[in-house]
Number of protein chains: 2
Amino acid sequence: MALKFALLSCLHESPATGYELTQTLKERMGNVWNSSHQQTYRELARLLDEECVTFEDVPQTGKPDRKVYSLTDLGRRELAEWVNTPSSRPKVRDPLLLKLFAGDFWESANLEEELAVHRIEWQATLDKYLAIEARYFSAPEGMPRHYRLQHMALRRGIEVNRSWLAWSEEVLAVNQANPKTGR
Amino acid sequence: MALKFALLSCLHESPATGYELTQTLKERMGNVWNSSHQQTYRELARLLDEECVTFEDVPQTGKPDRKVYSLTDLGRRELAEWVNTPSSRPKVRDPLLLKLFAGDFWESANLEEELAVHRIEWQATLDKYLAIEARYFSAPEGMPRHYRLQHMALRRGIEVNRSWLAWSEEVLAVNQANPKTGR
DNA sequence: TCGCGCATGTAAGTTGTTACATGATTTA
DNA sequence: TAAATCATGTAACAACTTACATGCGCGA
């Protein structure tokens, strides 16, 4: 349901192709909403059908044509309406936390290795978001509502990745203090 | 995929009915894995088919019979194998953060009301987890691996709800400093 | 020349949600 | 007496994932 509004939000900022929308959701909005390119293209087809978006064909030599999508008035109205409608919190489904619930099966070496991989990802994401903050939100005080609220979404991403990093250190300590080896 | 292992993890602790499994996932494991009762029953039927679980019929007077499920050796082996296999991080999809990205449509009063509702939920969940921690994990140092790792999952839940509460205060402040009213 | 980035999609399968359906016991 | 809790499911739909498919340009 909300993928629709994720795409409309992106297009509200600027027209874009399906490919670019997918990139934006993966990169700048990675801590907000994610979509595979397959999902994006399917949803764009639907939005076109509902007349929430239109597109302009931009021919290219060699590459396939770029379909540059943009919001219609209907799309903008529906987005505004959705934003002002309460939504419920998403349900948590986290395989990493689930593994801790069956942690007596989890061998120390494997736990350590898995956390090491995630820690690299968390650190990389954190660095990326901090770079965005330094580049665009160095002085949030004076900025208009639109940017200040976007900044709060980014701050959430920064905070989340920081806290995963801190938490995982605690887990590694517990794992070392209470080791388990294979058979 | 992982709903299977969520159910197996619960059953590893103790045999349970589909109803009880759903309750456990909603309550004690709410910050780890969630499942509706419909999903639970469907998955249990599959697990029965795969011979990862068995059940015992416990007749009751008045109420329908309780089907008490428990792990088979195969189920336990598959769970152990899964725990030791790396998994990738779930992709974020959060409507609340998404709304901030189209925040110039979001009227201050509506934002405030939505956050107020979520804050009540976050506070209630936090209190619940703190109560569980006080009751079962007052002295984690001396506990065996199994419990200490479960405690780390709970700590994550506590931390997450705390940080939502702190973050939402910041958002409310920004919202008040940069108000938007309907037309 | 091999893989990556750009750029578009289709098809099949799995997972999750919402609606429907039943019925006794306990609590307000 | 009405609603919540216990206890089980079926059916239809929506959302998401994985695999398949194409093809040019560019840099190593």
Side-chain angles (χ1 to χ4, degrees), chain A residues 1-8 10 15-27 29-30 32-50 53 55-69 82 87-95 98, chain B residues 1-8 10 15-27 29-30 32-50 53 55-69 82 87-95 98:
Chain A
M1 182 82 272
L3 169 58
K4 167 175 175 176
F5 302 106
L7 297 178
L8 295 182
C10 289
T17 66
Y19 187 87
E20 287 165 347
L21 289 167
T22 305
Q23 295 311 104
T24 303
L25 292 180
K26 277 209 210 326
E27 291 302 311
M29 291 176 66
V32 169
W33 204 272
N34 278 268
S35 164
S36 63
H37 76 273
Q38 294 91 332
Q39 236 192 316
T40 304
Y41 287 122
R42 181 157 29 107
E43 191 65 32
L44 280 173
R46 253 179 242 168
L47 290 173
L48 205 57
D49 206 62
E50 293 178 28
V53 300
F55 72 93
E56 201 191 342
D57 239 307
V58 181
Q60 298 192 119
T61 44
K63 295 176 197 171
D65 294 1
R66 281 161 58 89
K67 289 190 183 178
V68 180
Y69 290 87
W82 176 78
S87 46
S88 49
R89 303 292 311 138
K91 311 261 166 70
V92 180
R93 290 189 177 93
D94 192 319
L98 182 52
Chain B
M1 183 81 276
L3 169 58
K4 167 174 175 175
F5 301 106
L7 297 177
L8 295 182
C10 290
T17 66
Y19 187 87
E20 287 165 346
L21 289 166
T22 305
Q23 294 312 102
T24 303
L25 292 180
K26 276 211 213 326
E27 291 303 310
M29 289 176 68
V32 168
W33 205 272
N34 278 269
S35 165
S36 62
H37 77 272
Q38 294 90 332
Q39 236 191 319
T40 303
Y41 287 124
R42 188 175 49 186
E43 191 65 32
L44 280 173
R46 253 179 240 167
L47 290 173
L48 204 58
D49 206 62
E50 292 178 27
V53 300
F55 72 93
E56 202 189 342
D57 241 305
V58 181
Q60 298 192 120
T61 44
K63 294 176 198 170
D65 293 2
R66 282 161 55 89
K67 289 191 182 178
V68 180
Y69 290 87
W82 176 77
S87 45
S88 49
R89 302 292 319 143
K91 311 260 166 72
V92 180
R93 290 189 177 93
D94 192 320
L98 182 52

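Chain letters run A, B, ... following the sequence lines, proteins first, then strands; residues in each count from 1.
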Results of salt bridge (charged side-chain N to carboxylate O under 4.0 Å, His left out) for [X] - residues two or more places apart only:
| X | answer |
| --- | --- |
| Arg93(A) | none |
| Arg46(A) | Glu43(A) |
| Lys67(B) | none |

Sorted by chain and number, sequence neighbours left out, side chain to side chain contact (heavy atoms under 4.5 Å, CB included) with Ser87(B) holds for Pro95(A), Lys99(A), Glu114(A)
Sequence-distant partners of Thr40(A), side chain to side chain contact (heavy atoms under 4.5 Å, CB included), two or more places apart: Leu7(A), Leu21(A), Thr22(A), Ser35(A), Leu44(A)
The bend of the helix from dT1(C)-dA28(D) to dA28(C)-dT1(D), taken between the axes of its five terminal pairs at each end and rounded to 10°, is 50°
Produce a footprint string for nucleotides 10-20 of chain D: one letter per nucleotide, 5' end first; B if the base is under 4.0 Å from any protein heavy atom, S if only the sugar-phosphate is, - if neither. B----SBBBB-
For Asn34(B), all residues meeting side chain to side chain donor-acceptor pair (under 3.5 Å), sequence neighbours excluded: none
Using side chain to side chain donor-acceptor pair (under 3.5 Å) as the criterion, list what pairs up with Glu50(B), not counting sequence neighbours. Lys4(B)
So, is [X] close to the [N] phosphate, meaning a side-chain N or O under 4.0 Å from OP1 or OP2?
| X | N | result |
| --- | --- | --- |
| Tyr19(A) | dT8(C) | no |
| Lys4(B) | dT14(C) | no |
| Thr17(A) | dC6(C) | no |

How many whole angstroms separate atom [atom1] of [X] from atom [atom2] of [N]?
| X | N | atom1 | atom2 | value |
| --- | --- | --- | --- | --- |
| Glu27(B) | dT5(D) | CD | P | 10 Å |
| Arg66(B) | dT25(C) | CZ | C1' | 15 Å |
| Leu21(A) | dC6(C) | CG | P | 14 Å |
| Phe55(A) | dA7(C) | CZ | P | 16 Å |
| Gln23(B) | dT8(D) | CD | P | 11 Å |
| Glu20(B) | dA7(D) | CD | P | 6 Å |

Should the pair Trp82(A) and Phe5(A) be assigned to parallel (<30°), tilted (30 to 60°) or perpendicular (>60°) ring geometry? parallel
Under the criterion side-chain contact (heavy atoms from CB on, under 4.5 Å), I'd like the reasoning laid out for Val58(B) against Thr17(B): C-alpha separation, chi angles, the key distance, then a yes or no. CA-CA 10 Å; Val58(B) 181; Thr17(B) 66; over 6 Å; no
